[in-house]
Colleague: 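Could you have a look at this structure, given as structure tokens, before my questions?
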Amino acid sequence: MKRPPTANQTTRIEASASDTERAWLDLVRRGDITAFERLFRAYAADLADFARWYVDTDDDAEEVVHIVFCWLWEHRFTLPRPRSVRSYLYGAVRNRALNAVRDRRTEAAFRDRVRLASSADHPDAASPSTESELAARDIEHALAESLRQMPPRCREVYSLARENGLTYAEIGETIGIAPKTVEIHMSRALGILRQRLAPWLSG
């Protein structure tokens, strides 16, 4: 009877697989389409299974994975080099799936507001939904303006952390600074946002 691998053998197998995936990603970063296809075939099915925890249908899950891999290829020459390709891919799919859920909810909420506004007894009056929509636009504009006026390094760190889901260690590796320095820039970015968005946060 064939014996299962020992803990040491399992660790060596996982390390070998991780090295292979990093090699594929390095080739992808140089524009190698064959390596990209290998990476896709190795992970697409498992990533789609993972995405189904967040989205409603198999088609939605597959679309999330396809969007992530399309993004990877479009940005292949500027991709970070994470320590774990597996973690990087799962993080990217998770973020994209959550964005898809958020976008769907936002669209549904917007349609509800439009429906309520159109059925109001006094269409000329400013309805609560209209006021909320204007407030949301004000906040969105204030956030965008705050990010635009941030020091470039703070904005870069904030974007990698909040929009791309990278850890401080991954951000440090990506832009060539220590994780502690990343933490300082992130703290400064959040302080700027708290100050600029204070009128809305206090409400």
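FYI, the numbering just counts along the sequence from 1. Keep in mind the model is a prediction, meaning the values are calculated, not measured.
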Colleague: Check step by step if side-chain contact (heavy atoms from CB on, under 4.5 Å) holds for I177 and H185.
Modeller: CA-CA 11 Å; I177 59 177; H185 284 302; 4.0 Å; yes
Colleague: Taking the side chain as every heavy atom from C-beta outward, state whether E183 and K180 have any pair of such atoms under 4.5 Å apart.
Modeller: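 They are in side-chain contact.
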Colleague: Please name the pair of heavy atoms, one in I171 and one in V157, separated by the smallest distance, quoted to 0.1 Å.
Modeller: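 Answer, listing the atom of I171 first, then V157: CD1-O, 3.9 Å.
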Colleague: Could you report the tightest heavy-atom contact between P179 and A169, atom names first, then the distance?
Modeller: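 Taking every non-hydrogen atom into account, CG-CA, 4.1 Å.
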Colleague: Are there more than 12 heavy atoms of other residues, nucleotides or ligands under 6.0 Å from atom CZ of R94?
Modeller: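 Counting neighbours around CZ of R94, 12 or fewer heavy atoms of other residues, nucleotides or ligands fall under 6.0 Å, so no.
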Colleague: Side-chain contact, heavy-atom cut-off 4.5 Å: L72 with R76?
Modeller: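 Contact flag for L72/R76 side chains = no.
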Colleague: For side-chain contact (heavy atoms from CB on, under 4.5 Å), just list the numbers for D46 and F50, CA-CA rounded to whole Å, side-chain angles, deciding distance to a tenth of an Å, and then say yes or no.
Modeller: CA-CA 6 Å; D46 288 342; F50 174 67; over 6 Å; no
Colleague: Do side-chain atoms of R155 reach the backbone of M150 as a donor and acceptor pair under 3.5 angstrom?
Modeller: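 Yes, the answer is positive, given that a donor and an acceptor are paired below the 3.5 Å cut-off.
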Colleague: Would you say E170's side chain and T167's backbone share a donor-acceptor pair under 3.5 angstrom?
Modeller: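 Judged by distance alone, yes, a pair lies under 3.5 Å.
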Colleague: If you compare all heavy atoms of L25 against all heavy atoms of P82, which two are closest, and at what distance to 0.1 Å?
Modeller: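 For L25 and P82, the tightest heavy-atom pair comes out as CD2-CD, 3.6 Å.
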Colleague: Do R188 and P151 touch side chain to side chain, with heavy atoms closer than 4.5 Å?
Modeller: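 A side-chain contact under 4.5 Å exists here.
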Colleague: Mind listing the closest non-hydrogen atom pair of A48 and V65 along with its distance?
Modeller: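 For A48 and V65, the tightest heavy-atom pair comes out as N-CG2, 3.5 Å.
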Colleague: Begin from the C-alpha positions of H66 and E63 and carry the test side-chain contact (heavy atoms from CB on, under 4.5 Å) through to its verdict.
Modeller: CA-CA 5 Å; H66 290 162; E63 182 181 3; 5.6 Å; no
Colleague: Between R22 (side chain only) and R83 (backbone N and O only), is there a donor and an acceptor less than 3.5 Å apart?
Modeller: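 Answer holds: yes.
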Colleague: For V55 and A61, work out which heavy atoms get closest and say how close.
Modeller: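 Taking every non-hydrogen atom into account, CG2-N, 3.5 Å.
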Colleague: Are the side chain of D32 and the backbone N or O of V28 linked by a donor-acceptor pair below 3.5 Å?
Modeller: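 No, because the side chain of D32 does not come within donor-acceptor range (under 3.5 Å) of the backbone of V28.
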Colleague: Using 0.5 Å steps for rounding, measure from the CG atom of L39 to the CZ atom of R86.
Modeller: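 Interatomic distance, L39 CG to R86 CZ, rounded to 0.5 Å: 12.5 Å.
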Colleague: Quick check: do R52 and E62 have side-chain heavy atoms less than 4.5 Å from each other?
Modeller: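 R52 vs E62: side chains touch.
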Colleague: State, with a plain yes or no, whether a side-chain heavy atom of Y54 is found less than 4.5 Å away from one of L98.
Modeller: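 Of all side-chain heavy-atom pairs linking L98 with Y54, at least one is under 4.5 Å.
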Colleague: Just verifying a value: how many Å separate I192 CD1 and Y158 OH, rounded to the nearest 0.5 Å?
Modeller: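 Answer rounded to 0.5 Å: 11.5 Å.
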Colleague: Anything under 30° is parallel, anything over 60° is perpendicular, the rest tilted; go ahead and classify Y43 against Y90.
Modeller: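 Ring orientation, 0 to 90° scale: perpendicular.
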Colleague: Quick check against the 3.5 Å criterion: does R29 have a side-chain atom that pairs as donor or acceptor with the backbone of L79?
Modeller: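 A pair under 3.5 Å: yes.
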Colleague: Verify, without hydrogens or angle tests, whether S87 (side chain) and S84 (backbone) share a donor-acceptor contact under 3.5 angstrom.
Modeller: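 Side chain of S87 to backbone of S84, a donor-acceptor pair under 3.5 Å: no, none is there.
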Colleague: Would you call the rings of H75 and W71 parallel, tilted or perpendicular, where under 30° means parallel and over 60° means perpendicular?
Modeller: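 Because their plane-to-plane angle is under 30°, the rings of H75 and W71 count as parallel.
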Colleague: Do the non-hydrogen side-chain atoms of L47 and V68 ever get within less than 4.5 Å of each other?
Modeller: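 In short, these two side chains do not touch, never coming nearer than 4.5 Å.
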Colleague: For a quick test of reading the model, state the closest non-hydrogen atom pair linking E173 to R81 and the distance between them.
Modeller: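 Nearest heavy atoms, E173 then R81: OE2-O, 2.8 Å.
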